[in-house]
Amino acid sequence: MLEKTFSPKDIESRQYARSEAAGAFKPKGNGTPYCIMMPPPNVTGSLHIGHGLTMTIQDILVRYHRMLGDDVLWQPGTDHAGIATQMVVERELAKEGLTRQQLGREKFLERVWQWKEQSGGTILEQLRRLGASADWSRARFTMDDGLSAAVRKVFVDLYQQGLIYKDTRLVNWDTKFQTAISDLEVQAVDTQGAYYHIAYPLVNGGHITVATTRPETLFGDAAVAVHPEHPTLAQYIGQQVRLPLTDRTIPIIADSYADPEKGTGAVKITPAHDFNDFEVGKRHNLEQINILNRDGTLNDQVPAAYQGMDRLKARPLVVKALEQAGLLVKVEPVTHTVPMGDRSNSVIEPYLTEQWFVKADTLAAPALEAVRTGISRFVPENWQATYFHWLENIQPWCISRQLWWGHRIPAWYAPDGQCFVAENADAAHEQAFTRFGKHVDLQQDNDVLDTWFSSGLWPFSTLGWPEHTPALAQFYPNTVLVTGFDIIFFWVARMLMLGIHCMGGVPFKDIYIHALVRDEHGQKMSKSKGNVIDPLEVIDQYGADALRFTMAIMAAQGRDVKLSLARVEGYRNFATKLWNASRFAEMNGARLDPAYDPRLSTTALHVWLYDAIQQTAITVTAALDAYKFNEAAEALYHCLWNTFCDWYIEFAKVSLNGNDADAKAETQAMLGWALDQLTRLLHPFMPFITDELAQNMGFNNQPLTLATWPMLAALADQQASRDMAFVQELITQVRALKAEMNIAPGAMLVASIKQADTDAQRVLQQQEALLLRMARLSRIDQDAEAGGMAVVVVGCTLILQVGAVLDVAKEQARLDKETVAIIAEMQQLDSKLSNDNFVARAPAHVVEEYRNRKEELTLKQGKIRETLARLGSLAG
RNA sequence: GGGCGGUUAGCUCAGCGGUAGAGCGUCUCGUUUACACCGAGAGGGUCGGGAGUUCGAAUCUCUCACCGCCCACCA
């Protein structure tokens, strides 16, 4: 027996445990492979609403495909998330008044591992609460032994192929974390600043003015550049200027990088602190003068007064000194963008260091080709433009980080600095022995790899690569990747590049890109705004099924998900509705009869419901195949609530409460049949409640994800559906008329039928009981002469006998109004149908529809006219 | 500066060539034993402006306006 009230909390953990115990989430070992790699959440993170969306979508797909009979692997795991995790642990240390430097590398890493062990399971537990049916027995962590081995192997391979190399060049330097970061980790932030116009005195007298937003960098200037054809400044080319506040002189050089239209036309060149200037410097063999320490303070290349001072604090002092020297020409306030670290929120400096790089352009070419030729495809397609643009302009990928938490770079250095790249220390020593002819002490590179390097291998490293495992053979390439657009560059592109390179083929066929979850007004959720919706609180309050269904129905392609709790509440109500409908069925003796086939029924009601569910199943199946989760959810919502609950169940009460035992038995079988189908169709969206219902009502004794997906044959004959549509229309019209005339909905009226065509006569006779109950009529007389209010439909006119309540004038006015509406519509149709172009050029079925509609309206109009005539005689 | 997306009922959004839809909210009525986390009914939109293509445009093209996001840009 189902409980009277639906209580998600009670059933969720029970049903989840039941599925896991049944091994329902593991690949079944045969069938078409279907594999999704779960984007590994940060190991120390916790579930946020974005996970709610992405994991719901993935879970819908895998549950659906299990039901289709595929061999499904949803591979879960977690990411070590280099900077993010290190930050968290450093914050913990700070509470104890400690720094990682005080602790030392080894001790610090122990602390991080401790933290990982302690909090690493949290998010996986939370994913279970959402209902995620991943194969947890296969869970991986990016720093597992196997995955680390894969990382080292890829690094060594790419190094040997010349695709990983060490280089000294400008990188984005985070002065807070004191590490290099990649271009992607830099955010351009609009900032209020100023152009400082500074006069650089010419050695030969006079001066040349440059403009800069970073005056403190002048200590690193190596030249001033002007355009070789600059109308007024080109004459200075070759002269020397005195660099203000220093005793250096630097040359004025000609370079077309100097844009005559910008600034003063002359531009200071600071090769060690600006990406463009670096290139100019290389062209002109300029000295690269590094003026910064790793923490962003000025070093001994600047005048003593500024040494050790943070470059941003030094800026106003430099400006002041220039002013005092009479060299500050003007200060022009300006809003410009400043690069900021996405984690540190500190100003990023171009900084000259030696780092490891991946030659990304080489790897990008086949990754571009794979999407161009459709081997991998983006859904929705428009994201491929973003992908193309980035890969076509890709820069070398800086993969080394001056952090401690991560995969340590597998490179070892001899005392003389020679570098040996190998998968382990022994192999490095061997190389060194070969080189030097004797054993030498080697020191491993201190840096670790960018987190995204290891996640780039996720589609195959989790399957056991480089071993040739059965899982790898079965599940690579993965079927579909589901992720947000925010990591297309960070992750998707890298997986494609590395997957194609290492595996010789793309990592996944489809790439489904979903949107971001925002609050109900479209604002990004953030703690500071206080508009964060915690998925776990939502689950506590409304249940996981409600949250999942909300996510699914709001996940229209190409649009952000604006989540409001009102919507979640609405879909909680939907779950309750399903629960109560099932309770009704149970209380009325519904049962699943394997022998029962509604297609063979002689009762239009059941055939009609079969048809409705069959069409819903088709819609849902097609929508899921096309990743249109909202369409699938919408169709199910409508079918269950409107069709099944509002109409079928109400109709069913007639036979359930009636005296015809056979009719009652069939209705019980149909209720069982329908709920079995509906719970299966709903299962991918609402796994908990559907499993609970199916188990309790004896539809399935195994978890529904192992049940089969409804594949129903379409009905050739739609007569039953037409009959029921006719009955529904009559009922709706009677109800509306009662409401309009202020007659109590429950008032049992006598009706009489006029002007019925043969089809209508047949349906009225067959479905009389349904009509009486739902329209609240006490009796239907055939063709009785009685005055009353008319419900006019195409097939017949139904006169409601309201006796003395009838106000003839009012009724005439109502029917006149209806006639006006009909005439207006007919005029529209006529304008179409009388247009030769329309008749000639529109598709035949469209013209046919218009003609049919016109014919219907003509019939209706005729019936209204007759009704009015009869009313007239009554009045007269 | 380059690119992508958006502008449809009070709110949040579907629909994307064939007579404008949903949920929530609003209004009226309703305890007919599955469900008030409910039922019945109603109101509400010249689909951002303009032009074009078409027999026909919310839907395709162009254009303008406004709103997002991404990339590039620290003279």
Side-chain angles (χ1 to χ4, degrees), chain A residues 2 4-6 183 188 191 193 195-197 210-214 217 225 257-259 261-268 273-277 334 336-339 347-350 382-383 385-386 389-390 393 485-486 488-489 515-516 520-522 524 542 546 553-554 556 558-564 566-567 569-588 630-631 634 637-638 645-646 649-650 653 731-732 735-740 742-746 748 773-774 776 825 828-829 832 835-843 845-847 849-850 853:
Chain A
L2 295 172
K4 179 148 171 43
T5 45
F6 165 55
D183 298 348
T191 308
Y195 280 143
Y196 300 92
H197 293 248
V210 300
T212 179
T213 55
R214 294 191 301 160
T217 63
Y257 163 68
D259 183 345
E261 305 296 317
K262 272 171 138 177
T264 62
V267 56
K268 64 195 269 308
H273 294 286
D274 182 283
F275 289 100
N276 289 311
D277 294 5
V334 67
H336 62 129
T337 59
V338 173
V347 175
I348 297 303
E349 295 292 336
N382 54 292
W383 289 109
T386 306
H389 181 258
W390 189 68
N393 298 287
F485 63 80
D486 50 329
I488 289 178
F489 304 145
L516 252 43
E520 58 191 305
H521 303 296
K524 217 168 175 169
Y542 299 108
I553 209 161
M554 298 190 78
R559 230 197 239 252
D560 286 340
V561 172
K562 288 178 196 154
L563 183 65
S564 77
R567 289 296 287 265
E569 185 181 350
Y571 297 116
R572 187 275 318 265
N573 295 352
F574 177 64
T576 305
K577 190 77 179 173
L578 170 62
W579 184 266
N580 285 322
S582 303
R583 269 183 66 233
F584 170 84
E586 188 183 53
M587 287 158 67
N588 283 279
N630 59 317
E631 287 180 14
E634 203 104 44
Y637 184 93
H638 180 258
C645 292
D646 290 345
I649 285 186
E650 294 307 319
K653 287 173 181 171
I731 292 164
T732 305
R735 287 168 173 171
L737 189 55
K738 283 185 178 177
E740 194 185 342
N742 284 321
I743 297 167
M748 302 299 281
R773 179 189 168 90
M774 296 282 274
R776 308 255 94 202
E825 194 182 340
Q828 273 187 2
L829 293 171
K832 285 273 190 189
N835 180 339
D836 292 342
N837 264 327
F838 171 73
V839 178
R841 299 193 192 203
H845 76 270
V846 173
V847 178
E849 274 172 33
Y850 278 69
R853 179 67 183 151

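What you see below is based on every heavy atom in this structure, not just the backbone, and it leaves out hydrogens, waters and symmetry mates. Each chain gets a letter, A, B and so on, in the order its sequence line appears, and its residues count up from 1.
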*Span that lies between the C1' atom of B:G43 and that of B:U28, in whole angstrom*: 10 Å

Under 3.5 Å on both distances, the Watson-Crick or G-U partner of [N]:
{"N": "B:G44", "value": "none"}
{"N": "B:U53", "value": "none"}
{"N": "B:G5", "value": "B:C67"}

With the side chain of [X] defined as its heavy atoms from C-beta on, choose the nearest nucleotide among [options].
{"X": "A:Arg841", "options": "B:C55, B:A14, B:A34", "result": "B:C55"}
{"X": "A:Glu650", "options": "B:A42, B:C69, B:C35", "result": "B:C35"}
{"X": "A:Tyr850", "options": "B:C38, B:G41, B:U19", "result": "B:U19"}
{"X": "A:Asn382", "options": "B:G41, B:C4, B:A75", "result": "B:C4"}
{"X": "A:Ala739", "options": "B:G41, B:C70, B:U19", "result": "B:G41"}
{"X": "A:Arg735", "options": "B:C73, B:C55, B:A40", "result": "B:A40"}

Confirm from the modelled atom types if [X] and [N] form a donor-acceptor pair under 3.5 Å, side chain to base only.
{"X": "A:Arg773", "N": "B:U32", "result": "no"}
{"X": "A:Thr337", "N": "B:C73", "result": "yes"}
{"X": "A:Arg776", "N": "B:U32", "result": "yes"}
{"X": "A:Tyr196", "N": "B:A75", "result": "no"}

Sugar-phosphate only, base, or nothing, as touched by [X] at under 4.0 Å among non-hydrogen atoms:
{"X": "A:Ile348", "answer": "base"}
{"X": "A:Ala842", "answer": "base"}
{"X": "A:Ala258", "answer": "base"}
{"X": "A:Glu569", "answer": "nothing"}
{"X": "A:Val210", "answer": "nothing"}
{"X": "A:Thr732", "answer": "sugar-phosphate"}

Whether [X] contacts [N] is assessed here as follows: a side-chain N or O lying under 4.0 Å from the phosphate OP1 or OP2. Is that the case?
{"X": "A:Lys653", "N": "B:A34", "answer": "yes"}
{"X": "A:Lys738", "N": "B:G41", "answer": "no"}
{"X": "A:Lys577", "N": "B:G39", "answer": "yes"}

Every protein N/O within reach of nucleotides 23-29 of chain B N/O, cut-off under 3.5 Å:
none

*How do A:Phe6 and A:Asp277 order along RNA chain B: which one's closest nucleotide is nearer the 5' end?*
A:Phe6

*Shortest non-hydrogen contact from A:Val561 to A:Ala515?*
N-CB, 4.3 Å

*Once the angle between the rings of A:Trp579 and A:Phe6 is folded into 0 to 90°, is it parallel (under 30°), tilted (30 to 60°) or perpendicular (over 60°)?*
tilted

*Salt bridge check: are A:Glu349 and A:Arg214 linked by an N-O gap of less than 4.0 Å?*
yes

